[in-house]
Amino acid sequence: MPTRPFTLGRSRPLSGDPGAAGARPFELPAHHLVTHGVVVGMTGSGKTGLVMVLVEEALRSGVPVLMVDVKGDLPNLLFTFPELSAAEFEPWIDPSAAARDGRSTADVAEGLAARWRDGLASSGLGAADVAALRARMAPRLLTPGTTAGEPVHVLSALETPSPLWDEDEEAAREALSASLSLLLRLVGRDPDPARSREHVLLAHLAERRLRARRAAGLEELLADLAAPPIAAVGALGVDEFFAPKERQALARELNTLLASPTFATWRKGAPLDVAGWLAPQAGSGGDGGKTPAVIVSVAHLDDDERLLVLGLLFDQLLSWVRGLSGTSDLRALVVFDEVFGFLPPHPANPPTKRPLLALLKQARAFGVGVVLATQNPMDLDYKALSNAGAWFVGRLQTDADRERVVEGLSGADGGAGGVGAAALSATLKALPPRTFFVRDVHMQPPSFLAETRFSLSWLRGPVTRREVGRLVRSISPPPPAPVPAAPKPAPAAPKPTRDSLDPRSAHPDSRVDSLDSRSIHPGSRVDSLDPRSAHPDSRVDSLDSRSIHPDSRVDSLDPRLAHPDPRRASPGPSSPAHRAPVGPGGTVLLDPRHTPSAPQPALRRGAARADAAPPAPAPPPQAVTAPPPPPDGWRSLYAHAPAAAPEGFRYIPWVAASVIAHLRDTKLGVALNRSQLLAAPLLPDGKPDLSRVTRLDASRLATAPAAGARFAELPAPLAKRAAAQAAARALREHAYRTTEAAVAVHKELGLAQDDGEPLEAFAARCRAAAARLAAAEQQQVVGRFAPRIARLGERIAAAKARYDQAEAEVAALPGAVGAALLGLVAGRDTARRAGTQRDKAAAKLERARQEWTEADAALRDLHAAQAAELAALEQLPLRASEGIETKRLVPKKNDVEVAFVALAWAATLAGPA
């Protein structure tokens, strides 16, 4: 195991110099995290940055890391750019955000790259360290319930018998229970293992199979429901416990789930095997192996699905931990960012709480450390806080949060390292960003301040589901290169060239079809339909054409675009025109239909149709010198010419459609419009090749062809009106199936993110709305308590008046000595009557005192209850951002319209004529 300490930044004593003079390197020995860690801090405190630095240091030291991602921040670990160049940053810049600032994506990328280089240099790091981290780690981005990333077979505990039934029966039963709860949740049944009859019956049926080393998949459970192989459940017969008619209803629901294409995503992908995930991987070459960096992202799931999936994951993790040998070294690190709601205080008990508490109590003996991060320490159960040996506390906004942290630190060792509670609270309130109060029970002194170093990864912020797919493709191994064909004899006469819209398709790592002629020659400065598509991580997968040109409409082309800047089109001494890939006979290989097709956006509603499969290659079309006329009602658009003489290239036809999709949610009041210019190559039968649909940049199109160029002929069927209409419908259908948008919403406040509104601005709007709501509710609380407070005030005043009267009566009567003297003078009867009056007055005084005391206590309790409700309402604005979730919008079929249809003529090198 590693001996290298984790270099997290700089530290200084609590009373030391806040500047560099009082700072020293902050090195955390790896084995200190075996006793777990807690990171707390409000938004903007640098909490996620510290978590990322801890992950990076663990990977640099060879410690496998399992990360649970709830918000979408942890995939930022994959934004490790070995060269720290602007070209690496640019594909991930939001063009619409850059345009709002009046800047280009290149300018923003250059600024970010410079900032990251300077920041890393200030921490003594550089591009070599980033490259070393990238080479050392073996990342995986797992997304249970979706194929956006690497899917996970979350029900593998049912379909694969586990050896835990012999080794750890309790752990095996807990894993089975979590799988069944998820299954019942998907069909809308009660998932509670203790109260749900469905859960109890399925658990008996599944356990019987798994103990016999047989699969207990959904198909097998359906057979057992139809003919139960057991006679009784508990003390009742199986038919009495669960009537046959009810079993049939449950079987129908499970069968519907089994047949659902949506459910298929829960049953495919990587098995839920934590041991396999965290096993070191063999390295390429001589690097001695790679360290697993596993990110389990549940940001796309709803709250109930997250709890069930993560409960299942933590049960599997706990089972793996219990099977390890004991060690005091750090064997693996588990990181859970934004743990709010998954480890709540008593009495809440979600499926994740029990295994997480067990991990915190038991994992240290096996060398597995757990790091929990949250914005609010009141989100965590006190038992969890007391198990942490290392605390990293950033700035906390509210007094209640600071008091909870001070209480937790004091409870850990009887004192916060010699720091008084008041001083510690003041320190936490004044902490600047990226600075943390650190409390490590293994260190001397145990408490100090630390400023975290710059992270090697670019902390870009939450990634979207579409970006998750791009990240997974970027870390997946490239497909094998195609075997080159044997040379053929030269033909007697030169053959027409094979033309294509995407010259890069001759290479196996092609990702997105485009009309970018520069992709043949990476150094060329030639204009094209989408200059950014030359980058393998291009943002061309964005469905919103406004993200490229926010203020432009695809149906308004600038005629000046027909004449590109001659300085960009003229080849220089190093012109790559002669470096294009050349095949037999000197023909440039530009037809992607002879190579693996590029990945396409996933269809939301079922699989792709059979007629959308890539067709067999068509014979090359004949070339003409005049552009063929487009079908009736179509436009003609032209790609800018490559860097060659006009007679050196030809135009080939694609079909293009300007499509506008309207995405609405009437309940939330959201209405978005997404415009895109789609294009696809034409097949010999006049249909578009939907396996190669791409999105075009309208500003890179011209309205007139270059003089002297040659044109391929149009497919003959396209001359028919029906064929032209079918081509337009096909692209419209493609847009309907692939267009979607993610909108941040706050259901409790009834707010939705406006189109183009940054997430930070929406969160601020939610906080303002929550503040207004809290103020209104506070007025209601005051109004609701006011009558009761007034009545208690009147009751207290009356009780006080009676008390004063009774006290005056007691004072007017003779005391014990006076009664004795009165008896000597007036006789015993008179003395007895006086004593009786005195006793009655004293009893009256006691009753008045008791009424006064009770009314006063009731008033204090009422004021305390009012204060508690007002304090809870004060927390609403501070926690408003926690209610923000992502809403996925898709258009209805009638909400997709075609603005115009056009022939998009792609310019490509023609080869020998």
Side-chain angles (χ1 to χ4, degrees), residues 496-503 505 513-517 528-530 554 557 562 588 590-594 612 614-642 646-659 677-698 700-732 734 898 900-911 913:
T497 181
R498 296 170 180 171
D499 299 311
S500 165
L501 285 174
D502 190 358
S505 57
D513 289 330
S514 76
L515 296 177
D516 189 354
S517 58
S528 71
L529 287 177
D530 189 355
V554 292
L557 298 176
V588 180
L590 300 173
D591 193 345
R593 287 172 290 179
H594 294 279
Q622 299 296 324
V624 295
T625 56
D632 186 28
W634 287 32
R635 304 182 183 184
S636 291
L637 305 175
Y638 301 87
H640 292 321
E647 62 274 9
F649 66 87
R650 79 169 71 200
Y651 285 111
I652 60 173
W654 280 37
V655 59
S658 173
V659 183
L677 185 58
L678 300 179
L682 287 169
L683 303 177
D685 58 1
K687 296 181 180 179
D689 183 356
L690 296 180
S691 67
R692 293 168 55 203
V693 176
T694 187
R695 280 163 290 280
L696 306 184
D697 182 350
R700 296 292 176 176
L701 295 172
T703 55
R710 290 178 293 161
F711 291 81
E713 292 182 351
L714 288 178
L718 200 64
K720 299 179 181 179
R721 184 178 183 84
Q725 292 175 344
R729 284 196 303 269
L731 290 181
R732 178 180 178 274
H734 181 86
V898 177
F900 67 84
V901 187
L903 286 178
W905 291 97
T908 183
L909 297 179

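A quick note: this is a predicted structure, and the numbers were derived from the prediction, not measured.
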Ignoring hydrogens, what is the shortest heavy-atom contact between [X] and [Y]? Give both atom names and the distance.
X      : Y      : result
Pro688 : Ala730 : CG-CB, 3.7 Å
Val655 : Ala727 : CG2-CB, 4.2 Å
Pro684 : Pro715 : O-CB, 3.6 Å

Parallel, tilted or perpendicular, as decided by the 30° and 60° cut-offs, for the rings of Trp905 and Tyr638: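 Because their plane-to-plane angle is under 30°, the rings of Tyr638 and Trp905 count as parallel.
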Pairwise distance [atom1]([X]) to [atom2]([Y]) - rounded to 0.5 angstrom:
X      : Y      : atom1 : atom2 : result
Ile652 : Glu713 : CD1   : CD    : 14.0 Å
Leu683 : Arg692 : CG    : CZ    : 8.5 Å
Arg729 : Lys687 : CZ    : NZ    : 10.5 Å
Leu682 : Leu714 : CG    : CG    : 7.5 Å

side-chain contact (heavy atoms from CB on, under 4.5 Å) involving Ala728 - partner list, sequence neighbours excluded: Val901
Any residue meeting side-chain contact (heavy atoms from CB on, under 4.5 Å) with Pro630, in chain and number order, not counting sequence neighbours: Trp634, Ser636, Leu903
Min side-chain heavy-atom separation Leu696-Leu678 under 4.5 Å: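 With C-beta onward as the side chain, the pair stays apart.
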Side-chain touch Phe711/Pro653, heavy atoms, less than 4.5 angstrom: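 Not in contact.
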side-chain contact (heavy atoms from CB on, under 4.5 Å) between Leu701 and Leu677, intermediate numbers included: CA-CA 11 Å; Leu701 295 172; Leu677 185 58; 3.6 Å; yes
